[in-house]
**Student:** 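First the structure, then my questions, so here it is.
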Amino acid sequence: MTEPEEGPGRPVCVVTGGGRGIGAATCLRLAADGWDVCLTWVSRPEPAKAVAAACRSLGARALVLQADVAREADVQRTFAAAAGLGRVRGLVNNAGVLGPQSRVEHLDAARIRRTLEVNTLGAILCAREAVRLMSRRSGGDGGAVVNVSSRAAVLGAPDEYVDYAAAKAGVDALTVGLAKEAAADGIRVNGVRPGLIATDIHASGGEPGRVARLAPSVPLARGGEPDEVAAAIAWLLSDDASYVTGATLDVSGGR
Ligand code: NAP
């Protein structure tokens with residue numbers, strides 16, 4: 001963990017999986033918007049440290065720590081560290097994984113379990129810790145959660161990763177239910193459903209060129225950039241979205 005630098009009392013946002021892709025773009029956007037960030041990595045420390053350094057150069061304080069969102073103790077340690085940095089007012093449930101493209105009949109239980117544990121269990125555990133810290137009922141300042149789902153939750157990802165689509169549909173239900181439950185605690189809960197965004201995740205599914213292959217099927221006729229998802233996340237976290245809760249915004253070029 002990197003020690004925070006001294007700085008003014010800015011709100012703190014936890015961003016899981018903040019070292020790469022959409023999470024990295026989100027950290028940089030939030031740092032520019034006036035947030036301090038607590039970002040996590042699970043397997044790749046160097047990109048996460050570089051993102052933290054870039055956030056600091058934008059005037060934010062940044063903590064970076066290893067934490068597997070599927071491990072309850074890691075999640076609790078993450079939020080304890082974030083609370084040590086300042087007043088936690090935001091969570092971006094960004095960490096996510098998918099396995100190699102496969103039809104359902106070829107999936108084994110270990111892969112399905114990991115997909116559900118990282119994408120769904122992890123998001124719920126992080127949301128729980130965020131509510132515990134942010135709830136006005138327990139002395140917090142209120143805040144906002146943004147869950148990073150996927151258009152796969154609606155499209156189903158046939159022949160690729162139906163398990164991931166099902167895990168993300170669970171994230172969408174988390175957004176709906178927790179928004180209603182936590183509204184009286186001063187906490188808004190929303191989601192984004194990215195479409196085809198240029199990140200490493202497609203290579204982890206076994207097809208690095210997936211965005212280029214499918215871009216012609218997108219009404220806007222291209223893949224999206226992580227910054228374009230980060231902008232939606234930052235808006236949902238901001239006071240500009242003060243009357244928005246329980247919503248999930250498609251950031252998918254119309255696909
Ligand atoms: P990415 O480039 O592969 O980055 C994934 C991030 O998640 C990495 O920072 C990784 O950490 C972290 N991570 C993975 N497993 C984790 C775990 N168990 N605990 C904590 N962190 C973990 O993917 P991305 O495209 O930016 O994806 C970000 C989110 O967007 C995911 O939820 C993904 O499902 C969603 N999404 C992406 C797309 C797309 O087209 N790119 C579309 C729809 C939804 P390390 O760097 O340490 O490995």
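First listed ligand is number 1; within each ligand, the first listed atom is number 1.
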**Student:** Mind checking whether R151 contacts ligand 1 via backbone (N, CA, C, O), side chain (CB onward), both or neither, at a 4.0 Å heavy-atom cut-off?
**Tutor:** neither
**Student:** Under 4.0 Å from a heavy atom of W41: which atoms of ligand 1 are those, numbered in the order shown and with their elements?
**Tutor:** 47 (O)
**Student:** Taking all heavy atoms of P100 and all of R111, pick out the closest pair and write down the distance.
**Tutor:**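 In this case the closest contact between P100 and R111 is O-NH1, 2.9 Å.
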**Student:** Taking distance alone, with N or O pairs closer than 3.5 Å, would you say A70 contacts ligand 1?
**Tutor:**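 No - when backbone and side-chain N and O of A70 are compared with those of ligand 1, no distance drops under 3.5 Å.
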**Student:** Name the option, out of G21, G96, A152, A230, that contains the heavy atom nearest to atom 5 (C) of ligand 1.
**Tutor:**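 Minimum heavy-atom distance to atom 5 (C) of ligand 1 goes to G96.
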**Student:** Tell me which one of A123, G195, A48, S150 gets a heavy atom nearest to atom 38 (C) of ligand 1.
**Tutor:** G195
**Student:** Quick check on side-chain contact (heavy atoms from CB on, under 4.5 Å): which of T16, V64, V51 does W41 satisfy it with?
**Tutor:** V64
**Student:** Please write down residue, atom name and distance for the protein heavy atom closest to atom 26 (O) of ligand 1.
**Tutor:** I22 N, 2.8 Å
**Student:** Can you find a pair of side-chain heavy atoms, one from W35 and one from R89, that are under 4.5 Å apart?
**Tutor:**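 Contact flag for W35/R89 side chains = yes.
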**Student:** For atom 20 (C) of ligand 1, what's the nearest protein heavy atom and its distance?
**Tutor:**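 I find the closest protein heavy atom is A67 O, 3.3 Å.
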**Student:** Test of understanding: given a 4.0 Å heavy-atom threshold, classify the contact between S149 and ligand 1 as side chain, backbone, both, or neither.
**Tutor:** backbone
**Student:** Suppose I only count heavy atoms of N94 and a 4.0 Å limit; which atoms of ligand 1 are within that range?
**Tutor:**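 So the atoms of ligand 1 that pass are 28 (C), 29 (C), 31 (C), 32 (O).
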**Student:** With heavy atoms under 4.0 Å as the rule, classify the contact between V118 and ligand 1 as side chain, backbone, both or neither.
**Tutor:** side chain
**Student:** Could you find the nearest protein heavy atom to atom 23 (O) of ligand 1 and give me its residue, atom name and distance?
**Tutor:**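 Here the nearest protein heavy atom works out to I201 CB, 3.5 Å.
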**Student:** Suppose I only count heavy atoms of V148 and a 4.0 Å limit; which atoms of ligand 1 are within that range?
**Tutor:**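 Atoms satisfying the 4.0 Å criterion: 29 (C), 30 (O), 32 (O), 35 (C).
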**Student:** Give the atom numbers and elements of ligand 1 that come within less than 4.0 Å of a heavy atom of D68.
**Tutor:**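 Answer for ligand 1: 17 (C), 18 (N), 19 (N).
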**Student:** Please work out, at 4.0 Å between heavy atoms, whether the side chain, the backbone, both, or neither of V97 comes within that distance of ligand 1.
**Tutor:** side chain
**Student:** With backbone taken as N, CA, C and O and side chain as the heavy atoms from C-beta onward, which portion of R193 lies under 4.0 Å from ligand 1: side chain, backbone, both, or neither?
**Tutor:** neither
**Student:** Could you find the nearest protein heavy atom to atom 10 (C) of ligand 1 and give me its residue, atom name and distance?
**Tutor:**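 Here the nearest protein heavy atom works out to R20 NH2, 3.9 Å.
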**Student:** Check each of T245, V145, L178, V146 against R188 using the side-chain contact (heavy atoms from CB on, under 4.5 Å) test, and report the only one that passes.
**Tutor:**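 The option that passes is T245.
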**Student:** Report the part of A198 in contact with ligand 1, treating N, CA, C, O as backbone and CB onward as side chain, heavy atoms under 4.0 Å; options are side chain, backbone, both, neither.
**Tutor:** neither
**Student:** Backbone, side chain, both or neither: what part of R114 comes under 4.0 angstrom of ligand 1, heavy atoms only?
**Tutor:** side chain
**Student:** Closer than 4.0 Å to some heavy atom of Y164 - which atoms of ligand 1 meet that?
**Tutor:**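 What qualifies from ligand 1 is 33 (C), 34 (O), 35 (C), 36 (N), 43 (C), 44 (C).
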**Student:** In the protein, what heavy atom is nearest to atom 21 (N) of ligand 1, and what distance, to one decimal place, separates them?
**Tutor:** A95 CB, 3.3 Å
**Student:** For residues T175 and V189, report the shortest heavy-atom separation together with the two atoms involved.
**Tutor:** CG2-O, 3.7 Å
**Student:** Check this for me - ligand 1, T40, N or O atoms closer than 3.5 angstrom, yes or no?
**Tutor:**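 There is no such contact.
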**Student:** Is it true that R193 and S252 share a donor-acceptor pair across their side chains at a distance under 3.5 Å?
**Tutor:** no
